[in-house]
Student: 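Here's a structure for you.
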Amino acid sequence: MAASGVAAPTRTEVLQLYRSLLRVAREFCDYNIREYTKRRTIDAFRDNKNLTDPSQLSAAFSDGKAQLEVAKRQTLVYSLYAPKVKSIMDIKPS
Amino acid sequence: MASLLLRQSLTKTKPTAIIRRFSTAAALASPTEYEEPTGITMKGVKIPGRPLYLDMQATTPVDPRVLDSMLPFYLSRYGNPHSRTHLYGWESETAVETARAQVAALIGASPKEIVFTSGATESNNISVKGVMHFYKEKKRHVITTQTEHKCVLDSCRHLQQEGFEVTYLPVGSDGLVDLDRLRKEIRPDTGLVSIMAVNNEIGVVQPVEEIGKICKEFNVPFHTDAAQALGKIKVDVEKWNVSLMSLSGHKIYGPKGIGALYMRRRPRIRVEPQMNGGGQERGIRSGTVPTPLVVGMGTACELAMKEMEYDEKRIKGLQERLLNGIREKIDGVVVNGSMDRRYVGNLNLSFAYVEGESLLMGLKEVAVSSGSACTSASLEPSYVLRALGVDEDMAHTSIRFGIGRFTTEEEIDKAVELTVKQVEKLREMSPLYEMVKEGIDIKQIQWAQH
(Lines give C-alpha, C1' and ligand atoms only; values in the text may rest on other atoms or scores of the structure.)
Protein backbone atom coordinates (compact mmCIF):
# COMPACT_ATOMS: atom_id res chain seq x y z
CA MET A 1 0.00 0.00 0.00
CA ALA A 2 3.02 2.30 0.53
CA ALA A 3 3.46 4.17 -2.75
CA SER A 4 7.08 4.87 -3.51
CA GLY A 5 7.72 8.45 -4.56
CA VAL A 6 4.62 9.83 -2.75
CA ALA A 7 5.73 12.55 -0.38
CA ALA A 8 5.07 12.17 3.30
CA PRO A 9 2.14 14.29 4.54
CA THR A 10 2.88 17.67 6.09
CA ARG A 11 2.02 18.48 9.68
CA THR A 12 -0.89 20.66 8.57
CA GLU A 13 -2.35 17.85 6.47
CA VAL A 14 -2.14 15.40 9.34
CA LEU A 15 -3.84 17.84 11.70
CA GLN A 16 -6.53 18.55 9.12
CA LEU A 17 -7.19 14.82 8.75
CA TYR A 18 -7.36 14.43 12.53
CA ARG A 19 -9.85 17.26 12.89
CA SER A 20 -11.97 15.99 9.97
CA LEU A 21 -12.16 12.52 11.49
CA LEU A 22 -13.24 13.90 14.86
CA ARG A 23 -15.77 16.18 13.18
CA VAL A 24 -17.29 13.32 11.20
CA ALA A 25 -17.37 11.17 14.36
CA ARG A 26 -19.65 13.74 16.00
CA GLU A 27 -22.20 13.24 13.21
CA PHE A 28 -22.93 9.59 13.98
CA CYS A 29 -26.35 9.31 15.57
CA ASP A 30 -25.47 5.97 17.16
CA TYR A 31 -23.86 6.48 20.58
CA ASN A 32 -21.51 3.48 20.45
CA ILE A 33 -20.22 4.12 16.92
CA ARG A 34 -19.71 7.80 17.67
CA GLU A 35 -17.67 7.15 20.80
CA TYR A 36 -15.69 4.40 19.07
CA THR A 37 -14.77 6.60 16.08
CA LYS A 38 -13.62 9.42 18.38
CA ARG A 39 -11.62 7.12 20.60
CA ARG A 40 -10.06 5.10 17.80
CA THR A 41 -8.98 8.26 15.96
CA ILE A 42 -7.30 9.70 19.03
CA ASP A 43 -5.58 6.41 19.88
CA ALA A 44 -4.47 5.71 16.31
CA PHE A 45 -2.94 9.14 15.82
CA ARG A 46 -1.26 8.90 19.23
CA ASP A 47 0.23 5.48 18.40
CA ASN A 48 1.61 6.72 15.07
CA LYS A 49 2.98 9.93 16.57
CA ASN A 50 6.60 8.81 16.40
CA LEU A 51 6.73 7.44 12.86
CA THR A 52 9.62 8.86 10.86
CA ASP A 53 9.92 6.65 7.76
CA PRO A 54 8.27 8.57 4.86
CA SER A 55 6.71 5.47 3.24
CA GLN A 56 5.19 4.41 6.57
CA LEU A 57 3.91 7.95 7.12
CA SER A 58 2.25 8.16 3.72
CA ALA A 59 0.77 4.67 4.15
CA ALA A 60 -0.75 5.63 7.50
CA PHE A 61 -1.97 8.92 6.04
CA SER A 62 -3.69 7.29 3.06
CA ASP A 63 -5.23 4.72 5.38
CA GLY A 64 -6.58 7.57 7.48
CA LYS A 65 -8.02 9.30 4.42
CA ALA A 66 -9.70 6.07 3.30
CA GLN A 67 -11.24 5.66 6.76
CA LEU A 68 -12.47 9.25 6.58
CA GLU A 69 -14.30 8.48 3.33
CA VAL A 70 -15.89 5.36 4.86
CA ALA A 71 -16.95 7.34 7.93
CA LYS A 72 -18.50 10.12 5.83
CA ARG A 73 -20.60 7.62 3.89
CA GLN A 74 -21.63 5.72 6.99
CA THR A 75 -22.76 8.78 8.96
CA LEU A 76 -25.22 9.37 6.16
CA VAL A 77 -26.41 5.74 6.07
CA TYR A 78 -26.82 5.61 9.84
CA SER A 79 -28.77 8.86 9.91
CA LEU A 80 -31.15 7.59 7.20
CA TYR A 81 -32.13 4.69 9.43
CA ALA A 82 -31.79 6.32 12.83
CA PRO A 83 -34.22 4.87 15.38
CA LYS A 84 -36.73 7.37 16.72
CA VAL A 85 -35.61 6.77 20.28
CA LYS A 86 -31.98 7.35 21.18
CA SER A 87 -29.73 5.16 23.27
CA ILE A 88 -30.17 5.55 26.99
CA MET A 89 -26.60 6.84 27.21
CA ASP A 90 -27.54 9.80 25.02
CA ILE A 91 -30.51 10.83 27.12
CA LYS A 92 -29.50 13.39 29.68
CA PRO A 93 -31.12 12.77 33.07
CA SER A 94 -33.75 15.49 33.41
CA MET B 1 -42.14 18.45 -7.38
CA ALA B 2 -38.58 19.31 -8.41
CA SER B 3 -38.75 22.77 -6.85
CA LEU B 4 -40.10 21.24 -3.63
CA LEU B 5 -37.15 18.88 -3.46
CA LEU B 6 -34.74 21.71 -4.28
CA ARG B 7 -36.22 23.93 -1.57
CA GLN B 8 -35.98 21.14 0.99
CA SER B 9 -32.38 20.35 0.18
CA LEU B 10 -31.44 24.02 0.29
CA THR B 11 -33.02 24.50 3.69
CA LYS B 12 -31.08 21.43 4.81
CA THR B 13 -33.93 19.34 6.15
CA LYS B 14 -32.78 16.07 7.68
CA PRO B 15 -32.78 13.24 5.10
CA THR B 16 -35.16 11.20 7.25
CA ALA B 17 -37.82 13.91 7.02
CA ILE B 18 -37.61 14.01 3.24
CA ILE B 19 -37.93 10.26 2.93
CA ARG B 20 -40.85 9.93 5.33
CA ARG B 21 -42.77 12.65 3.44
CA PHE B 22 -42.77 10.67 0.21
CA SER B 23 -43.03 7.17 1.59
CA THR B 24 -46.13 5.23 0.72
CA ALA B 25 -48.03 2.92 2.98
CA ALA B 26 -46.34 -0.01 1.29
CA ALA B 27 -42.90 1.25 2.31
CA LEU B 28 -40.70 -0.95 4.46
CA ALA B 29 -42.46 -2.07 7.59
CA SER B 30 -40.77 0.14 10.15
CA PRO B 31 -41.20 -1.26 13.66
CA THR B 32 -42.23 2.05 15.14
CA GLU B 33 -45.37 0.87 16.91
CA TYR B 34 -43.47 0.56 20.17
CA GLU B 35 -41.25 3.62 19.82
CA GLU B 36 -42.63 6.98 20.90
CA PRO B 37 -40.73 10.22 21.40
CA THR B 38 -40.85 9.68 25.16
CA GLY B 39 -39.50 6.18 25.16
CA ILE B 40 -40.06 2.57 24.32
CA THR B 41 -42.88 0.40 25.60
CA MET B 42 -42.54 -3.29 24.94
CA LYS B 43 -43.83 -6.31 26.83
CA GLY B 44 -45.25 -4.10 29.52
CA VAL B 45 -41.98 -2.34 30.28
CA LYS B 46 -41.34 1.34 29.64
CA ILE B 47 -37.80 2.67 29.26
CA PRO B 48 -36.76 6.16 28.16
CA GLY B 49 -34.29 5.00 25.52
CA ARG B 50 -32.64 2.03 23.86
CA PRO B 51 -30.83 -0.13 26.43
CA LEU B 52 -27.07 -0.20 26.58
CA TYR B 53 -25.84 -3.36 24.93
CA LEU B 54 -23.76 -5.78 26.98
CA ASP B 55 -24.62 -9.07 25.28
CA MET B 56 -21.75 -9.46 22.81
CA GLN B 57 -21.76 -13.27 23.02
CA ALA B 58 -25.27 -13.41 21.63
CA THR B 59 -24.41 -11.19 18.69
CA THR B 60 -22.38 -8.08 17.89
CA PRO B 61 -23.34 -4.86 16.12
CA VAL B 62 -22.16 -4.66 12.51
CA ASP B 63 -19.06 -2.47 12.26
CA PRO B 64 -19.69 0.52 9.93
CA ARG B 65 -16.60 -0.42 7.92
CA VAL B 66 -18.09 -3.87 7.33
CA LEU B 67 -21.40 -2.36 6.25
CA ASP B 68 -19.57 -0.03 3.90
CA SER B 69 -17.90 -2.96 2.16
CA MET B 70 -21.19 -4.89 1.84
CA LEU B 71 -23.45 -2.20 0.42
CA PRO B 72 -22.12 -2.09 -3.18
CA PHE B 73 -23.02 -5.77 -3.48
CA TYR B 74 -26.62 -5.04 -2.64
CA LEU B 75 -26.84 -2.03 -4.91
CA SER B 76 -25.02 -2.45 -8.22
CA ARG B 77 -22.73 -5.49 -8.00
CA TYR B 78 -25.50 -7.97 -7.43
CA GLY B 79 -24.29 -10.82 -9.61
CA ASN B 80 -24.22 -14.50 -8.73
CA PRO B 81 -20.61 -15.53 -8.16
CA HIS B 82 -21.23 -18.78 -10.00
CA SER B 83 -22.27 -17.06 -13.25
CA ARG B 84 -19.24 -17.53 -15.44
CA THR B 85 -20.32 -15.64 -18.53
CA HIS B 86 -20.58 -11.97 -17.63
CA LEU B 87 -19.07 -9.15 -15.60
CA TYR B 88 -21.59 -9.43 -12.78
CA GLY B 89 -20.52 -13.00 -12.09
CA TRP B 90 -16.82 -12.28 -12.47
CA GLU B 91 -16.76 -9.32 -10.09
CA SER B 92 -18.84 -11.27 -7.55
CA GLU B 93 -16.49 -14.20 -7.75
CA THR B 94 -13.45 -11.96 -7.29
CA ALA B 95 -15.04 -10.47 -4.20
CA VAL B 96 -15.82 -13.93 -2.77
CA GLU B 97 -12.27 -15.11 -3.33
CA THR B 98 -10.84 -11.96 -1.72
CA ALA B 99 -13.05 -12.55 1.31
CA ARG B 100 -11.99 -16.18 1.45
CA ALA B 101 -8.35 -15.11 1.61
CA GLN B 102 -9.14 -12.60 4.37
CA VAL B 103 -10.84 -15.29 6.48
CA ALA B 104 -7.99 -17.73 5.86
CA ALA B 105 -5.36 -15.17 6.84
CA LEU B 106 -6.97 -14.65 10.23
CA ILE B 107 -6.72 -18.34 11.15
CA GLY B 108 -3.42 -19.15 9.47
CA ALA B 109 -4.90 -21.37 6.79
CA SER B 110 -4.90 -21.45 3.00
CA PRO B 111 -7.92 -20.01 1.15
CA LYS B 112 -8.50 -23.41 -0.46
CA GLU B 113 -9.36 -24.80 2.97
CA ILE B 114 -12.28 -22.42 3.67
CA VAL B 115 -15.89 -23.32 2.85
CA PHE B 116 -18.58 -20.70 3.38
CA THR B 117 -21.75 -21.83 5.16
CA SER B 118 -24.79 -20.15 6.67
CA GLY B 119 -23.29 -19.95 10.13
CA ALA B 120 -21.39 -21.77 12.82
CA THR B 121 -24.40 -24.01 13.51
CA GLU B 122 -24.32 -25.32 9.95
CA SER B 123 -20.54 -25.72 10.10
CA ASN B 124 -20.88 -27.70 13.32
CA ASN B 125 -23.52 -29.92 11.75
CA ILE B 126 -21.35 -30.58 8.71
CA SER B 127 -18.35 -31.35 10.90
CA VAL B 128 -19.98 -33.69 13.38
CA LYS B 129 -22.50 -35.49 11.20
CA GLY B 130 -20.59 -35.20 7.94
CA VAL B 131 -17.35 -36.66 9.28
CA MET B 132 -18.99 -39.54 11.11
CA HIS B 133 -21.22 -40.47 8.18
CA PHE B 134 -18.24 -40.48 5.85
CA TYR B 135 -16.13 -42.74 8.05
CA LYS B 136 -19.05 -44.77 9.41
CA GLU B 137 -17.61 -48.15 8.39
CA LYS B 138 -14.56 -47.97 10.61
CA LYS B 139 -15.29 -45.21 13.16
CA ARG B 140 -18.24 -45.38 15.54
CA HIS B 141 -17.23 -43.19 18.49
CA VAL B 142 -17.33 -39.43 19.11
CA ILE B 143 -15.88 -37.54 22.06
CA THR B 144 -17.22 -34.14 23.06
CA THR B 145 -17.75 -32.17 26.28
CA GLN B 146 -20.81 -31.42 28.36
CA THR B 147 -20.42 -27.68 27.85
CA GLU B 148 -20.54 -27.63 24.05
CA HIS B 149 -22.94 -25.47 22.09
CA LYS B 150 -26.42 -26.90 21.67
CA CYS B 151 -25.91 -27.58 17.94
CA VAL B 152 -22.97 -29.88 18.61
CA LEU B 153 -24.78 -31.68 21.43
CA ASP B 154 -27.90 -32.07 19.31
CA SER B 155 -25.89 -33.42 16.35
CA CYS B 156 -24.28 -35.93 18.70
CA ARG B 157 -27.68 -36.97 20.00
CA HIS B 158 -28.80 -37.47 16.40
CA LEU B 159 -25.75 -39.66 15.83
CA GLN B 160 -26.56 -41.64 18.95
CA GLN B 161 -30.01 -42.35 17.54
CA GLU B 162 -28.33 -43.66 14.40
CA GLY B 163 -26.26 -46.08 16.47
CA PHE B 164 -22.98 -44.24 17.05
CA GLU B 165 -21.49 -43.97 20.53
CA VAL B 166 -20.82 -40.60 22.10
CA THR B 167 -18.77 -39.78 25.19
CA TYR B 168 -19.61 -36.49 26.89
CA LEU B 169 -16.52 -35.48 28.87
CA PRO B 170 -17.21 -33.77 32.18
CA VAL B 171 -15.52 -30.48 32.99
CA GLY B 172 -13.97 -29.27 36.21
CA SER B 173 -15.48 -26.53 38.32
CA ASP B 174 -13.34 -24.06 36.40
CA GLY B 175 -14.88 -25.19 33.12
CA LEU B 176 -11.72 -26.76 31.71
CA VAL B 177 -11.68 -30.26 30.27
CA ASP B 178 -9.46 -32.89 31.95
CA LEU B 179 -6.73 -33.88 29.49
CA ASP B 180 -5.94 -37.21 31.12
CA ARG B 181 -9.60 -38.14 31.00
CA LEU B 182 -9.65 -37.27 27.30
CA ARG B 183 -6.60 -39.43 26.71
CA LYS B 184 -8.26 -42.36 28.45
CA GLU B 185 -11.49 -42.05 26.49
CA ILE B 186 -9.89 -42.17 23.04
CA ARG B 187 -10.45 -45.60 21.46
CA PRO B 188 -9.27 -47.16 18.21
CA ASP B 189 -12.68 -46.48 16.66
CA THR B 190 -12.90 -42.81 17.73
CA GLY B 191 -13.79 -40.82 14.64
CA LEU B 192 -13.90 -37.25 16.03
CA VAL B 193 -13.03 -35.15 19.06
CA SER B 194 -15.11 -31.98 19.22
CA ILE B 195 -14.22 -29.39 21.86
CA MET B 196 -15.04 -25.69 21.57
CA ALA B 197 -12.24 -23.18 21.88
CA VAL B 198 -14.06 -20.46 23.85
CA ASN B 199 -17.31 -21.21 25.62
CA ASN B 200 -20.13 -18.83 24.80
CA GLU B 201 -21.70 -18.86 28.27
CA ILE B 202 -18.78 -18.72 30.67
CA GLY B 203 -15.99 -17.49 28.37
CA VAL B 204 -13.52 -20.18 29.38
CA VAL B 205 -10.69 -20.89 26.91
CA GLN B 206 -10.00 -24.60 26.60
CA PRO B 207 -6.38 -25.85 26.31
CA VAL B 208 -6.78 -26.42 22.57
CA GLU B 209 -3.07 -26.76 21.85
CA GLU B 210 -2.69 -29.65 24.28
CA ILE B 211 -5.88 -31.28 23.00
CA GLY B 212 -4.54 -30.94 19.46
CA LYS B 213 -1.31 -32.67 20.50
CA ILE B 214 -3.23 -35.56 22.04
CA CYS B 215 -5.38 -35.95 18.93
CA LYS B 216 -2.31 -35.91 16.70
CA GLU B 217 -0.72 -38.59 18.86
CA PHE B 218 -3.72 -40.88 18.43
CA ASN B 219 -4.41 -39.72 14.86
CA VAL B 220 -7.99 -38.66 15.62
CA PRO B 221 -9.54 -35.71 13.75
CA PHE B 222 -10.01 -32.68 16.01
CA HIS B 223 -12.95 -30.33 15.45
CA THR B 224 -13.29 -27.09 17.36
CA ASP B 225 -16.13 -24.59 17.40
CA ALA B 226 -14.23 -21.32 17.21
CA ALA B 227 -17.26 -19.05 16.77
CA GLN B 228 -16.54 -17.11 19.96
CA ALA B 229 -12.76 -17.38 19.61
CA LEU B 230 -12.31 -15.93 16.11
CA GLY B 231 -10.86 -12.47 16.14
CA LYS B 232 -10.69 -12.44 19.93
CA ILE B 233 -7.83 -14.80 20.74
CA LYS B 234 -5.01 -15.83 18.46
CA VAL B 235 -6.27 -18.71 16.29
CA ASP B 236 -3.69 -20.79 14.42
CA VAL B 237 -4.80 -24.03 12.80
CA GLU B 238 -1.23 -25.34 12.57
CA LYS B 239 -0.41 -24.78 16.23
CA TRP B 240 -3.76 -26.13 17.37
CA ASN B 241 -3.59 -29.07 14.95
CA VAL B 242 -7.29 -28.84 14.13
CA SER B 243 -8.80 -30.71 11.22
CA LEU B 244 -12.08 -28.81 11.23
CA MET B 245 -13.05 -25.44 12.63
CA SER B 246 -16.41 -23.67 12.68
CA LEU B 247 -16.44 -19.89 12.31
CA SER B 248 -19.28 -17.42 12.65
CA GLY B 249 -19.71 -14.02 11.05
CA HIS B 250 -22.00 -12.24 13.45
CA LYS B 251 -19.75 -12.71 16.49
CA ILE B 252 -16.94 -10.62 14.99
CA TYR B 253 -18.92 -7.52 14.04
CA GLY B 254 -20.00 -8.99 10.73
CA PRO B 255 -23.44 -9.75 9.27
CA LYS B 256 -25.75 -12.50 10.47
CA GLY B 257 -26.41 -15.50 8.27
CA ILE B 258 -22.83 -16.30 7.28
CA GLY B 259 -20.16 -18.54 8.68
CA ALA B 260 -17.31 -20.66 7.46
CA LEU B 261 -15.84 -24.09 7.93
CA TYR B 262 -12.12 -24.73 7.85
CA MET B 263 -11.26 -28.17 6.50
CA ARG B 264 -7.66 -29.33 6.58
CA ARG B 265 -6.09 -30.45 3.31
CA ARG B 266 -2.95 -32.10 4.67
CA PRO B 267 -3.88 -34.68 5.92
CA ARG B 268 -7.17 -34.38 4.06
CA ILE B 269 -10.36 -34.73 6.09
CA ARG B 270 -13.42 -35.83 4.17
CA VAL B 271 -17.05 -35.08 5.01
CA GLU B 272 -20.39 -36.11 3.62
CA PRO B 273 -22.19 -32.94 2.49
CA GLN B 274 -25.36 -31.98 4.34
CA MET B 275 -26.60 -29.69 1.56
CA ASN B 276 -26.80 -31.38 -1.84
CA GLY B 277 -27.13 -29.46 -5.06
CA GLY B 278 -25.01 -27.87 -7.77
CA GLY B 279 -21.66 -28.70 -6.20
CA GLN B 280 -20.69 -25.17 -5.10
CA GLU B 281 -17.99 -24.75 -2.44
CA ARG B 282 -16.16 -27.86 -3.64
CA GLY B 283 -19.30 -29.97 -3.22
CA ILE B 284 -19.25 -29.55 0.56
CA ARG B 285 -21.99 -26.93 0.67
CA SER B 286 -24.14 -26.44 -2.40
CA GLY B 287 -26.12 -23.29 -2.87
CA THR B 288 -25.43 -19.80 -4.16
CA VAL B 289 -22.75 -18.16 -2.09
CA PRO B 290 -24.26 -14.92 -0.69
CA THR B 291 -21.73 -12.37 -1.95
CA PRO B 292 -22.64 -9.40 0.29
CA LEU B 293 -22.55 -11.54 3.44
CA VAL B 294 -19.30 -13.20 2.44
CA VAL B 295 -17.69 -9.84 1.69
CA GLY B 296 -18.92 -8.60 5.07
CA MET B 297 -17.38 -11.55 6.85
CA GLY B 298 -14.11 -11.06 4.98
CA THR B 299 -13.92 -7.39 5.94
CA ALA B 300 -14.79 -8.27 9.52
CA CYS B 301 -11.96 -10.80 9.64
CA GLU B 302 -9.49 -8.31 8.20
CA LEU B 303 -10.55 -5.70 10.74
CA ALA B 304 -10.27 -8.27 13.52
CA MET B 305 -6.69 -9.00 12.53
CA LYS B 306 -5.79 -5.31 12.63
CA GLU B 307 -7.70 -4.44 15.78
CA MET B 308 -7.26 -7.59 17.89
CA GLU B 309 -4.47 -6.26 20.09
CA TYR B 310 -6.07 -2.86 20.62
CA ASP B 311 -9.48 -4.36 21.37
CA GLU B 312 -8.14 -6.94 23.77
CA LYS B 313 -6.20 -4.43 25.84
CA ARG B 314 -9.22 -2.19 26.08
CA ILE B 315 -11.72 -4.92 26.86
CA LYS B 316 -9.48 -6.31 29.58
CA GLY B 317 -9.49 -2.95 31.30
CA LEU B 318 -13.27 -2.72 30.98
CA GLN B 319 -13.74 -6.21 32.41
CA GLU B 320 -11.65 -5.35 35.46
CA ARG B 321 -13.57 -2.11 35.85
CA LEU B 322 -16.85 -4.02 35.77
CA LEU B 323 -15.81 -6.76 38.16
CA ASN B 324 -14.10 -4.45 40.64
CA GLY B 325 -16.94 -1.95 40.45
CA ILE B 326 -19.48 -4.62 41.39
CA ARG B 327 -17.30 -6.31 44.00
CA GLU B 328 -16.60 -3.01 45.78
CA LYS B 329 -20.27 -2.40 46.45
CA ILE B 330 -21.71 -5.87 47.08
CA ASP B 331 -20.47 -9.21 48.33
CA GLY B 332 -21.56 -12.70 47.48
CA VAL B 333 -20.53 -12.31 43.84
CA VAL B 334 -19.13 -15.46 42.22
CA VAL B 335 -17.46 -15.61 38.81
CA ASN B 336 -18.47 -18.78 36.96
CA GLY B 337 -15.56 -20.41 35.21
CA SER B 338 -11.82 -20.10 35.49
CA MET B 339 -10.52 -16.55 35.93
CA ASP B 340 -7.12 -17.16 34.33
CA ARG B 341 -8.09 -19.12 31.23
CA ARG B 342 -10.85 -16.83 30.12
CA TYR B 343 -11.71 -14.59 27.21
CA VAL B 344 -11.71 -11.07 28.63
CA GLY B 345 -14.96 -9.97 27.02
CA ASN B 346 -17.13 -12.53 28.78
CA LEU B 347 -18.02 -12.18 32.44
CA ASN B 348 -20.54 -14.59 33.91
CA LEU B 349 -21.48 -13.65 37.48
CA SER B 350 -23.75 -15.28 40.02
CA PHE B 351 -25.21 -13.17 42.83
CA ALA B 352 -26.00 -15.08 46.01
CA TYR B 353 -29.45 -14.77 47.62
CA VAL B 354 -30.94 -13.09 44.56
CA GLU B 355 -33.42 -14.59 42.13
CA GLY B 356 -32.26 -14.50 38.52
CA GLU B 357 -35.51 -13.70 36.72
CA SER B 358 -36.33 -10.79 39.01
CA LEU B 359 -32.80 -9.45 38.63
CA LEU B 360 -33.14 -9.52 34.86
CA MET B 361 -36.58 -7.91 35.00
CA GLY B 362 -35.12 -5.05 37.00
CA LEU B 363 -32.18 -4.61 34.64
CA LYS B 364 -34.29 -3.42 31.72
CA GLU B 365 -31.95 -0.57 30.77
CA VAL B 366 -29.03 -2.97 30.31
CA ALA B 367 -29.19 -5.63 27.62
CA VAL B 368 -27.62 -8.70 29.23
CA SER B 369 -28.55 -12.30 29.26
CA SER B 370 -28.71 -15.10 31.76
CA GLY B 371 -27.41 -18.36 30.40
CA SER B 372 -27.06 -18.30 26.64
CA ALA B 373 -29.49 -17.00 24.03
CA CYS B 374 -30.31 -20.49 22.83
CA THR B 375 -31.26 -21.80 26.25
CA SER B 376 -32.94 -18.76 27.73
CA ALA B 377 -36.34 -19.86 26.47
CA SER B 378 -36.64 -22.77 28.87
CA LEU B 379 -36.96 -22.43 32.63
CA GLU B 380 -34.14 -24.84 33.39
CA PRO B 381 -30.88 -23.40 34.60
CA SER B 382 -28.21 -23.51 31.96
CA TYR B 383 -26.70 -26.94 31.36
CA VAL B 384 -23.25 -25.38 31.17
CA LEU B 385 -23.45 -24.08 34.72
CA ARG B 386 -24.85 -27.41 35.83
CA ALA B 387 -21.84 -29.16 34.25
CA LEU B 388 -19.56 -26.82 36.23
CA GLY B 389 -21.18 -28.11 39.39
CA VAL B 390 -22.74 -24.79 40.33
CA ASP B 391 -25.61 -25.04 42.84
CA GLU B 392 -29.13 -24.74 41.42
CA ASP B 393 -29.85 -21.47 43.21
CA MET B 394 -26.59 -19.87 42.07
CA ALA B 395 -27.11 -21.17 38.53
CA HIS B 396 -30.52 -19.49 38.39
CA THR B 397 -29.08 -16.15 39.35
CA SER B 398 -26.28 -16.00 36.81
CA ILE B 399 -25.89 -13.00 34.51
CA ARG B 400 -23.60 -12.92 31.51
CA PHE B 401 -22.00 -9.56 30.69
CA GLY B 402 -20.53 -9.34 27.20
CA ILE B 403 -18.05 -6.56 26.53
CA GLY B 404 -17.01 -5.68 22.99
CA ARG B 405 -15.23 -3.27 20.69
CA PHE B 406 -17.84 -0.57 20.99
CA THR B 407 -18.42 -0.67 24.75
CA THR B 408 -17.51 2.52 26.59
CA GLU B 409 -16.37 3.21 30.14
CA GLU B 410 -19.56 5.14 30.83
CA GLU B 411 -21.65 2.13 29.84
CA ILE B 412 -19.69 -0.09 32.22
CA ASP B 413 -20.12 2.40 35.04
CA LYS B 414 -23.84 2.65 34.38
CA ALA B 415 -24.17 -1.14 34.24
CA VAL B 416 -22.35 -1.43 37.57
CA GLU B 417 -24.62 1.19 39.11
CA LEU B 418 -27.82 -0.44 37.86
CA THR B 419 -26.76 -3.98 38.80
CA VAL B 420 -25.67 -2.99 42.30
CA LYS B 421 -28.88 -1.05 42.87
CA GLN B 422 -31.05 -3.92 41.70
CA VAL B 423 -29.16 -6.58 43.67
CA GLU B 424 -29.32 -4.50 46.86
CA LYS B 425 -33.02 -3.88 46.36
CA LEU B 426 -33.74 -7.58 45.91
CA ARG B 427 -31.59 -8.55 48.86
CA GLU B 428 -33.42 -6.06 51.10
CA MET B 429 -36.63 -7.87 50.28
CA SER B 430 -35.20 -11.35 50.68
CA PRO B 431 -35.94 -13.23 53.93
CA LEU B 432 -33.11 -15.66 53.12
CA TYR B 433 -30.63 -12.81 53.12
CA GLU B 434 -31.93 -11.62 56.49
CA MET B 435 -31.25 -15.05 57.94
CA VAL B 436 -27.76 -15.09 56.43
CA LYS B 437 -27.01 -11.70 57.97
CA GLU B 438 -28.06 -13.05 61.35
CA GLY B 439 -25.50 -15.80 60.92
CA ILE B 440 -27.78 -18.75 60.13
CA ASP B 441 -26.32 -21.23 57.67
CA ILE B 442 -29.01 -21.76 55.06
CA LYS B 443 -27.88 -25.19 54.06
CA GLN B 444 -28.35 -26.53 57.60
CA ILE B 445 -31.97 -25.52 57.82
CA GLN B 446 -34.51 -28.31 58.06
CA TRP B 447 -37.46 -26.94 56.15
CA ALA B 448 -40.67 -28.07 57.87
CA GLN B 449 -43.21 -29.67 55.61
CA HIS B 450 -46.84 -28.70 55.87
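Only a predicted model underlies this, so the values are computations on that prediction, with no experimental measurement involved. Numbers restart at 1 for each chain; the letters A, B, ... are given by sequence-line order, proteins then strands.
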Student: What residues of residues 416-424 of chain B make heavy-atom contacts with chain A at a cutoff under 4.5 angstrom?
Tutor: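 No residue falls under the 4.5 Å cut-off.
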Student: For B/Y310, is it the side chain, the backbone, both, or neither that has a heavy atom closer than 4.5 Å to a heavy atom of chain A?
Tutor: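 For B/Y310, the side chain is the part near chain A, not the backbone.
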Student: Looking at every heavy atom in both A/V70 and B/P64, which two are closest together, and how far apart are they?
Tutor: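 Taking A/V70 first and B/P64 second, the nearest heavy atoms are CG1-O, 4.5 Å.
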Student: If I compare all heavy atoms of A/Y78 with all of B/L67, which pair ends up nearest, and what's the gap?
Tutor: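 A/Y78 and B/L67 have their closest heavy atoms at CE1-CD2, 4.2 Å.
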Student: Are any non-hydrogen side-chain atoms of A/D30 and B/R50 less than 4.5 angstrom apart?
Tutor: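 A/D30 vs B/R50: side chains apart.
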Student: Which heavy atom of A/N32 sits nearest a heavy atom of B/F406, and at what distance?
Tutor: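 Where A/N32 meets B/F406 most closely, the heavy atoms are ND2-O, 3.0 Å.
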Student: Where on B/R314 is there a heavy atom nearer than 4.5 Å to chain A: the side chain, the backbone, both, or neither?
Tutor: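 For B/R314, side-chain heavy atoms alone lie under 4.5 Å from chain A.
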Student: For A/K65, does the NZ atom sit with more than 12 other heavy atoms under 6.0 Å from it, leaving out its own atoms?
Tutor: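 Atom NZ in A/K65 is not packed in, count stays at 12 or less.
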Student: Check each atom of A/D43 against the heavy atoms of chain B and say whether the ones under 4.5 Å are side chain, backbone, both or neither.
Tutor: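 For A/D43, side-chain heavy atoms alone lie under 4.5 Å from chain B.
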Student: Could you report the tightest heavy-atom contact between A/R39 and B/R405, atom names first, then the distance?
Tutor: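 Scanning both residues, the minimum pair turns out to be NH2-O, 3.3 Å.
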Student: Between B/D68 and A/E69, is any pair of side-chain heavy atoms under 4.5 Å apart?
Tutor: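 Side-chain contact under 4.5 Å: no.
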Student: Could you name each residue pair satisfying ring-ring contact (aromatic ring centres under 6.0 Å, His included) that touches residues 37-73 of chain A, not counting sequence neighbours?
Tutor: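 Only A/Y18-A/F45 qualify under ring-ring contact (aromatic ring centres under 6.0 Å, His included).
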Student: Could you tell me which portion of B/V366 (side chain, backbone, both or neither) has an atom closer than 4.5 angstrom to a non-hydrogen atom of chain A?
Tutor: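 Contact with chain A involves no heavy atom of B/V366 at all.
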Student: At what distance, to the nearest 0.5 angstrom, does CZ of A/R34 lie from OG1 of B/T408?
Tutor: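 Between atom CZ of A/R34 and atom OG1 of B/T408 there are 10.5 Å.
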Student: Per the salt bridge (Lys or Arg N to Asp or Glu O under 4.0 Å) rule, what does the pair list look like for residues 17-29 of chain A, sequence neighbours excluded?
Tutor: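 Not a single pair qualifies under salt bridge (Lys or Arg N to Asp or Glu O under 4.0 Å).
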Student: Quick one: what part of B/T407 sits under 4.5 Å from any heavy atom of chain A, side chain, backbone, both or neither?
Tutor: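 Interface part for B/T407: backbone (N, CA, C, O).
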Student: Could you check whether any side-chain heavy atom of B/R65 comes within less than 4.5 Å of a side-chain heavy atom of A/Q67, counting everything from C-beta outward?
Tutor: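 Yes, their side chains come closer than 4.5 Å.
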Student: Could you work out, with side chain to side chain contact (heavy atoms under 4.5 Å, CB included) as the rule, every residue matching A/D53, not counting sequence neighbours?
Tutor: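 A/D53: side chain to side chain contact (heavy atoms under 4.5 Å, CB included) contacts with A/S55, A/Q56.
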Student: Apply side-chain contact (heavy atoms from CB on, under 4.5 Å) to residues B/K414 and A/I88 and explain how you reach the verdict.
Tutor: CA-CA 10 Å; B/K414 189 151 178 132; A/I88 244 170; 4.0 Å; yes
